[in-house]
Every structure is written in C-alpha cells, then in structure tokens.
Amino acid sequence: MSQKGLPSRKDDYSAWYNELVKRADLAEHSAVKGCMVIKPYGYAIWEMMQQELDRRFKATGHQNAYFPIFIPKSLFEAEEKNAEGFAKECAVVTHYRLKSDPDNPGKLIPDPNSRLEEELIVRPTSEAVIWNTYKNWVQSYRDLPILLNQWANVVRWEMRTRLFLRTTEFLWQEGHTAHATLEEAMHETRQMLSVYADFAENIMALPVVKGIKSENERFAGAEETFCIEALMQDGKALQAGTSHFLGQNFAKAFDVKFAGKDGKLEYVWGTSWGVSTRLMGALIMAHSDDNGLILPPRLAPYQVVMIPIYKSDEQRAVVMEKINSIKKELEKINIRVKLDDDDSQTPGYKYAEWELKGVPVRLAMGVRDVENGVIEVVRRDKARGEEGQKTIEQIATIIEKIPAILQDIQESIYRKAIKFRTENTAKVDNYEDFKRLLDEKPGFLLAHWDGTPETEEKIKDETKATIRCIPLDATEEEGTCIYSGKPSTKRVLFARAY
RNA sequence: CGGGAUAUAGCGUAGCCCGGUAUCGCGCCUGUUUUGGGUACAGGAGGUCGCAAGUUCGAAUCUUGCUAUCCCGACCA
C-alpha cells in the first residue's frame, strides 16, 4: 500500500483535508479528546499569520495584554445573553487538588476537600473577565478609549471536532475595546473588520465577503456582528473572522461608566473581534490541490526551497558552493529560504516532499547548471506540466527575479481563488433553483430574504444552508423572498457552511 | 448526545466469521548501488494486536464495559 498520493478532493474532500493536514506536518490529533497538536511547520504558518495581524493591530493603535484563562462563574453569568450562548460548551473547574485514590492504589482522584467555593469557567471567550477589569480602569472620558488585544487559547466543548476547523481548545486573538461613543465603537468594529479583510485578501490570498450576520448567527451579547466569509473549494462557506459591536451590553452588565466632559455618567460602548487557528483550515481548503498544500508566499515559512543535485563529493562541493552563495544573497533581501541538503534523500523525493508542504518556489541546481550558469525554477501555484511551471533562469539574474516571482505567485493564487468564487456564486430568484443549486453546484447563493429569523430557520432546516451574511456592498433592489414571497430590498449570501 | 463504521510495528494494512501468540507494503538500521519527479538489490531491527475485565487448556479472533478516531445527524467559530 503506497502512501505516496493524497486522496483526491473530488473523491473524498474530507479525507483529502485530513490527510493533507497530517502529511504536510501541520497538525495531528492528541491524546486529549478534540484537541490537536500543532506541529512546528503548522505553527510556523500560524506565527506568520500572528505577525501580520499583530502588526496591523498595533498600526491601528492597539496594545497587547493578557487576562486569565479562568473566569469565576459569577462573572461569567453577568452578561446573560453571552452566558446563555456559551453555557452548553463550557469546561468547568471544580477542584484545585488531587489526592491518591484510597480504593485504587497508584490512581488519583480530585480531593473532595479541595472543592472550589466558586467554580471557574475555562474561558470560551474573555468578555466577562475583561469587562470586569475595565470597570476598574474607567472613570472619566480621559480613560477612553481602551484598545486591547490578547493572544490566547480558549476552550469550547464541541461535539464534533476537525483539525483546525473546530477543536475543543483553539488559539486565537481577541480584541476588546471600550469607547466613549456609539459612533467611535461602531467605527472600531468596522475598522477591524477591514483589517481582517485586508489580511485575508493580501496576505492569505483569500477573497472574502464582508457582511453583517443575521440575528440567528449573531454573537451572543452583541448588538451587531460583522464577519468575513470565504468560499472553500468544496463549495462550502467558512467564517474567517468576526467583529462585534457590543453596544453597552457589557458595560451595563459590569457597570462600566465614565464621566463625560459635562460631568454626566454614561455607560461605555464596546467592541470585540477575533480570528483563530481556524484560518489555517481556510488557508488549506481555499488553495491547496491534490499534490498538497499551496501556500501564498507572504505566509510561507519557507518561500523558496533549494535542492542541490550531485553524484560525487566533488560535484557536491561545486554545487553546494554555488547554491550557498545564492542562498545568502536571497536571505540578504529577506527571502525565507530552506536549503534541503539532506544527503539521505534523492532529489525526486524532496520535490514531492516540498510540494506537499506547499513551498511557493523550488530552485534545483546540479553541476550541469553550475557550468551553464543556470538554475531551474519551479512554481507551486502551477500544476505539474502546466505552461510556466518549470523555467530555466540565469544564475546571474535569479536574485532579482525571485521577489517578482513570489509576488506573481501571491497574486495568481488570489486571482485563482477569486475566479473560483465568481464561478461558484449565483443569483437565485426562486426556492427550486436554490435547492437545486445547493446540491448540483454548491457555492455562494445570492437570494432575496424577507428578513425574518423564522424564514432563515426554515430554509436552514430544509436545505442546511444558512445566511452567511448580509453583504455590506449589497445593492438595493426590489425583490421577493425566495421562501415566503414577501418583499425584500437586497440579496443576502446563503451557503452551506463549516 | 443519537445512528453507522473503525482501532493490529512510526504509517498504511491482511488475519477475526470457523480461537492455537501475527501477513504484506512503506518507513527505519547495515552494506552496495543510485541521485534532474518519491532509485535498486541484499541483509536486519521493530508488535502490551486501543484499554480493562470475562469465557477457554489456549484470545488479535468470542462476550461485556471503557476510550479514541472517521462518516451521517443535532450543536457550534
């Protein structure tokens, strides 16, 4: 039984995804139910995401801080809607000590004498503990705004998990801001949505639709939830980021008030926004092919992999000298380079290996090439045998060409994703077409909706499709709801979703 | 949490119905050979058969319980 190939996307999309995640060394299942181990190569990609996002957060005036993983139940309960929304998936700490089990030598049990007076909730999100803290930080309008972000792990006890897409514990960042006015908080909410969209499109090469969630899909405790929605290669939608306008809900729950210039006390306005390791899933499912991962250069831990080809030690010396000097030159212009000089593997093996791991550019060079002053360049964004996948370049000019090639790959991956989304987005005007397309050609469906949660719920029950968002750029047009026939003024975005 | 399936060496697997301590491939180690798309040959190491009980002279195989994973539902980012 050969382990060479991946399952194909066409035959079994889930198997393809699961295998790819494991085989590309991104992550694996752990001994803990629903929790994953993120492996070094996968974590390196996450770190690239973190860097890019963190830079953008700082550039928009935010600072990082850290709040505890545990939330006393009484705090957690304070904002009722939020608490209700998460109650079903909370891990709860009840004891702080273990002891030897008297009935079972060598085993441990929670010490009954160490039961906590008040249970601690493992954070599914941190609004409660953060707003409880903000209460102490805010007295005057001079204390506002508070613009914080934290990088953290959270726990949501899910029934069914999948590597990166839905795990019991996951990594994310959560921004929590407090403002003096509604306008400012709303501006912050929209600004961070734009930051996410910019990151997704320019760094992840992932086209996204910016929109507003319907009431059903809104974050518990928010007045309005904004999101970016992306389309995966199997035609399912994936929510890639959310930004919430919290109104004064948490300020009221935690009694966070400030004195304005006029001396009047008013509740603070809030926002929160986050993206998670789920983005890794989006990255994989949006771009990769049956040969493995395809990474956009701006996120690739290695942008270029170099593979030397030689027979004898003498040849090795010749090739390695040249290839090392090229490597140094590339590093000088901040290209992330991996030189795979492992003698125990053949070049062919390395080609397959780095292809599986999605490195954007492969440079291969043997003695012949050194003699001829050339180097082979292979692009991961093009299929094997496709025009332009392999080219022979002059060593003399390769250094200056690589940045342009990487840029071109970044753009071509994005264009390809845009093309896919365009081809898999359809306007539908009746329920029959809607249902038919969901099965025959899954993707984004733009359809009129009467605006009621009841209709959305019924469509969901009957078709499994949900309203991903009401696109921000939706054009006003007269129409009738595909389900109820009632009047509607704009189309909303439907899809089956992850 | 419901329905179905699976769990055997690092990975992928055969054996299970019809009980007798385990098959094959990849990988790993040694040597030779090869190296421009997953080299070839020879030799070698590696297994509490998911865990725990039970039935039996004897359990990977039969029974029960537990755990984990996958698929389908419900729930959710």
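Letters A, B, ... mirror the listed sequences (proteins, then strands); counts begin at 1. A quick note: this is a predicted structure, and the numbers were derived from the prediction, not measured.
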Q) Does A:E158 or A:C35 map to a spot on RNA chain B nearer the 5' end, using the closest nucleotide for each? A) A:C35

Q. Which part of the nucleic acid, if any, lies within reach of A:Y310 when heavy atoms closer than 4.0 Å are counted: base, sugar-phosphate only, or nothing?
A. base

Q. Hey, does the side chain of A:K33 come within less than 4.0 Å of B:U67's phosphate (OP1/OP2), counting only N and O?
A. no

Q. B:G10 P sits how many Å from A:D25 CG, rounded?
A. 17 Å

Q) Counting only side-chain N and O atoms of A:T346, is one of them less than 4.0 Å from OP1 or OP2 of B:U34? A) no

Q. If each of A:A220 and A:I392 is mapped to the nucleotide of RNA chain B with the nearest heavy atom, which maps nearer the 5' terminus, i.e. the 5' end?
A. A:I392

Q: Write down the distance between CG (A:N18) and P (B:C11), rounded to a whole number of angstrom.
A: 16 Å

Q | Distance-only donor-acceptor test, A:K464 side-chain atoms vs B:G73 base atoms, 3.5 Å | A | no

Q.
Using OP1 and OP2 only, check whether a side-chain N or O of A:K311 sits under 4.0 Å from B:U33.
A. no

Q) For B:A52, what is the paired nucleotide under Watson-Crick or G-U wobble rules, both distances under 3.5 Å? A) B:U64

Q) What does B:G25 pair with, Watson-Crick or G-U, if both distances are under 3.5 Å? A) B:C11

Q) Closer than 4.0 Å, any side-chain N/O of A:N291 to the OP1 or OP2 of B:G37? A) no

Q.
Applying a 4.0 Å non-hydrogen cut-off, can you work out what A:F219 is touching in the nucleic acid: base, sugar-phosphate, or nothing?
A. nothing

Q | Residue A:K390, side-chain heavy atoms: nucleotide from B:G37, B:G36, B:C76 that is nearest | A | B:G37

Q: Answer yes or no: does a side-chain N or O of A:R160 lie under 4.0 Å from OP1 or OP2 of B:C72?
A: yes

Q. Applying a 3.5 Å limit to both distances, which nucleotide forms a Watson-Crick or G-U wobble pair with B:C70?
A. B:G4

(Q) Is the phosphate of B:C71 approached by A:S14 (side-chain N or O, under 4.0 Å from OP1 or OP2)? (A) yes

